Amino acid sequence: MSARGLGFQFLRFGVVAVVVIAIALVAAVFVLVPGQRNAAAAQPTISTAEADATLLALKPPKRARPVVAVLAANDGTETTDFLIPYGLIKRSAVADVFAVAMAPGPVILMPALTISAE
């Protein structure tokens, strides 16, 4: 091997060694310094009264069941992405389900179905 090739090998080894050492130092800092990870783990305690008041405020007005709108793009929506959620929620009878299009007119369901949404 020539002196030039040997010098390049040493240079490449040196660069790789410096990069590996830098990565190891960064990893050590993340492992040893806890930072904000432990602070985010402690969740505040919410009282039962506050939770009940929040749920009461989120209850839909004048409706016994929630409303679910399944949105479709008029120029092309996957058949299974639209019909399966619509059919499952409608059949379960847990909500009022509406098929909604982004614009007036027919909705093209790919690969080969066209529907009319509300």
Side-chain angles (χ1 to χ4, degrees):
M1 182 176 275
S2 69
R4 183 176 176 176
L6 190 59
F8 178 73
Q9 293 294 330
F10 280 119
L11 178 65
R12 185 170 65 173
F13 176 76
V15 169
V16 169
V18 168
V19 169
V20 168
I21 291 170
I23 290 173
L25 288 174
V26 169
V29 166
F30 277 106
V31 168
L32 297 175
V33 178
Q36 294 295 324
R37 288 177 285 161
N38 292 339
Q43 297 294 325
T45 305
I46 298 174
S47 68
T48 306
E50 183 180 355
D52 292 340
T54 302
L55 291 175
L56 185 62
L58 293 174
K59 187 175 181 180
K62 299 181 187 177
R63 290 196 159 272
R65 300 187 315 173
V67 173
V68 175
V70 182
L71 182 64
N74 291 70
D75 57 347
T77 298
E78 281 292 325
T79 302
T80 55
D81 291 346
F82 181 78
L83 290 181
I84 290 176
Y86 180 85
L88 284 174
I89 298 170
K90 185 83 166 177
R91 179 84 180 206
S92 71
V94 296
D96 296 327
V97 184
F98 297 97
V100 181
M102 294 177 73
V107 175
I108 300 169
L109 297 178
M110 295 187 283
L113 185 64
T114 302
I115 65 167
S116 177
E118 297 175 12

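Every value quoted in this text rests on a predicted model; they were computed, and no experiment measured them.
- The shortest distance between side-chain heavy atoms of D96 and P66 does not fall below 4.5 Å.
- Minimum heavy-atom separation, V100 to A69: CG2-CB, 3.8 Å.
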Less than 3.5 Å apart, which donor and acceptor atoms pair up between the side chains of residues 88-95 and the rest of the protein, not counting sequence neighbours?
residue, atom, partner, partner atom, Å
S92, OG, L88, O, 3.4
S92, OG, I89, O, 2.8

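- Looking only at distances, a side-chain donor or acceptor of N74 sits under 3.5 Å from a matching main-chain atom of A103.
- Annotation: the span from I46 atom CD1 to T54 atom OG1 amounts to 7.0 Å, rounded to 0.5 Å.
- Atom CG of residue L113 and atom CD1 of residue I115 lie 7.0 Å apart, to the nearest 0.5 angstrom.
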Trace of the side-chain contact (heavy atoms from CB on, under 4.5 Å) decision for L83 with L109: CA-CA 9 Å; L83 290 181; L109 297 178; 4.1 Å; yes

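- The hydrophobic cluster containing M102 also contains V67, counting ILVMFWY residues as joined when their side-chain heavy atoms lie under 4.5 angstrom apart, directly or transitively.
- Side chain of T77 to main chain of A72: no donor-acceptor pair is present (N/O by atom type, distance under 3.5 Å, no hydrogens or angles).
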Show your working on side-chain contact (heavy atoms from CB on, under 4.5 Å) between V70 and F82 and close with a plain yes or no. CA-CA 7 Å; V70 182; F82 181 78; 3.6 Å; yes

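- Screening residues 11-22 for side chain to side chain donor-acceptor pair (under 3.5 Å) gives Q9-R12 as the qualifying pairs, with residues at least two apart or on separate chains.
- When every heavy atom of F98 is checked against every heavy atom of Y86, the shortest pair comes out as C-CE1, 4.0 Å.
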